[in-house]
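For reference, the structure is listed below as structure tokens.
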Amino acid sequence: MRDRLLQLEQAAIKEIGFVKGKEAVIEVKIKYLGRKGELASLTKELGKLPPEERPIIGELINTIRGRIEEKINSLLTGFIHAESEQRLKTEELDITLPGRYMSLGKRHPITQVMDEVIRIFSGMGFTVAEGPEVETDYYNFEALNIPKDHPARDMQDTFYISDDYLLRTHTSPVQIRVMQTQKPPLRVIAPGKVYRRDSDVTHTPMFHQVEGFMVDDSITFGDLKGVLTSFLHSLFREDISIRFRPSFFPFTEPSAEVDIQCVICNGTGCRVCKGSGWLEILGAGMIHPMVFKAVEYNAEKFSGFAFGLGIERIAMLKFGIDDIRLFFENDIRFLRQF
Ligand code: DAH
């Protein structure tokens, strides 16, 4: 047994001396030291030996296993090392290659315009308020002096949830909510989503408005003109022409619609301004005494102006977009351009 073990060691060491690569070393390792290898089969014969010889031969098996293992492992380390040396010599890293493109997210064009409007009014001392998108008939219509038979209340125009609840059709109800809970002086804007049953190239069932109002003891139409002129100059161009046209809203008296000189044709007349050279951009007016009555403000003591504008319309004009639905299709090719 002893001789056969030593012979096996000799044979293994000889074979190891000839191997030329990593894979071959592993093969030799399996052949001699594997679970079904030669050393293992000799070990199985241990039981046939007389009991007093077993520990001695057992120890010899372990020693031989250790010696073969050591030779194989040092050879393996050598091969692995040589392999990586070789790789370092032949592989090249071209640091002039262009980097991998990381696509960056951007703010939605509607959000960009919304942020810009908020930024300009914040600069004039306005604070931001919000109200619910599911409103009551009272806040959306009644308190704003919109009578029961007003066309805006029509089922055709308003998304009703029940007789009393609806999706707000404008941001004006936030005026009521703020005035109910705060006292003048007030300078507030209320941005948000509004809903109307309307859908074509310039209307979507959901769109965004910014409401604004200012209340104090001596606010005049002059303040309204000053604030809105300053806002529109900031938003479009400092030298753009602006005009105020008489109009009607149930919650303001007097009321006005504000036009800017057409930003597409610079006022010479085009398809977008329908040849007039002007674009209607917002609605405004002096807060109606009936509205003050609804929030229990003394209309003899306080006065104020209010206005409302549509964000999509402004974004379409600023970016030259002719179909409002593009904003909500979320086509990445469209959104990337802003
Ligand atoms: N609420 C109006 C609308 O949705 C816009 C508006 C007009 C708001 C005049 C106002 C205002 O505050 O004074 O069409």
Side-chain angles (χ1 to χ4, degrees), residues 114 117 121 126 128-133 135-147 150-154 156-159 166-180 184 186-198 202-216 219-229 231-232 242-260 279-292 294-295 297 299 302-314 324:
M114 191 68 115
V117 170
F121 280 109
F126 283 71
V128 176
E130 278 181 86
E133 287 167 33
E135 257 304 0
T136 60
D137 178 273
Y138 177 77
Y139 285 106
N140 197 79
F141 296 127
E142 205 67 40
L144 288 161
N145 194 36
I146 303 175
H150 194 279
R153 291 201 178 205
D154 201 322
Q156 313 296 172
D157 300 318
T158 305
F159 288 107
L166 46 82
L167 295 180
R168 68 178 178 191
T169 59
H170 52 179
T171 42
S172 304
V174 187
Q175 284 184 40
I176 306 298
R177 291 183 175 275
V178 172
M179 287 192 279
Q180 269 183 349
L186 288 176
R187 247 185 296 185
V188 177
I189 52 168
K193 292 183 166 70
V194 300
Y195 302 84
R196 285 181 204 175
R197 299 181 60 163
D198 224 346
T202 52
H203 298 88
T204 42
M206 183 281 301
F207 61 102
H208 298 78
Q209 284 190 335
V210 174
E211 190 79 11
F213 57 102
M214 184 165 178
V215 184
D216 206 343
I219 300 293
T220 67
F221 203 93
D223 296 309
L224 162 69
K225 270 191 95 169
V227 167
L228 292 181
T229 303
F231 161 69
L232 291 170
I242 293 165
R243 73 177 184 188
F244 288 69
R245 258 184 309 108
S247 185
F248 174 81
F249 298 104
F251 33 90
T252 45
E253 181 58 34
S255 303
E257 273 172 324
V258 184
D259 298 342
I260 58 168
L279 295 165
E280 183 198 322
I281 209 77
L282 49 83
M286 301 305 290
I287 298 174
H288 198 287
M290 287 297 278
V291 173
F292 280 148
V295 296
Y297 277 13
F302 295 115
S303 60
F305 68 78
F307 59 90
L309 54 91
I311 294 295
E312 279 76 2
R313 178 159 168 79
I314 292 173
I324 191 174

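Both counts, for ligands and for their atoms, begin at 1 and track the order of listing. Heavy atoms only: backbone and side chains are in, while hydrogens, waters and symmetry mates are out.
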Test of ring centre spacing under 6.0 Å for F126 and F231: no
Compute the ring centroids of H170 and F249, then answer whether they are less than 6.0 Å apart. no
Heavy-atom count check: over 12 atoms from other residues, nucleotides or ligands less than 6.0 Å from E130 CD? no
Report every pair formed by an N or O atom of ligand 1 and a protein N or O atom separated by less than 3.5 Å, giving atom names and the distance to 0.1 Å.
unit_1, atom_1, unit_2, atom_2, d
ligand 1, 1 (N), H170, ND1, 2.9
ligand 1, 1 (N), S172, OG, 3.0
ligand 1, 4 (O), R196, NH2, 2.7
ligand 1, 4 (O), Q209, NE2, 3.0
ligand 1, 12 (O), Q175, NE2, 3.2
ligand 1, 12 (O), E211, OE2, 2.6
ligand 1, 12 (O), F307, N, 3.3
ligand 1, 12 (O), F307, O, 3.3
ligand 1, 13 (O), A306, O, 3.1

Minimum-distance pair of heavy atoms, taken over all atoms of R168 and P173: CB-CG, 4.4 Å
Looking only at heavy atoms, what is the nearest atom pair of R197 and T158, with distance? CD-O, 3.4 Å
From L232, L228, I281, residue fulfilling side chain to side chain contact (heavy atoms under 4.5 Å, CB included) relative to I242: L232
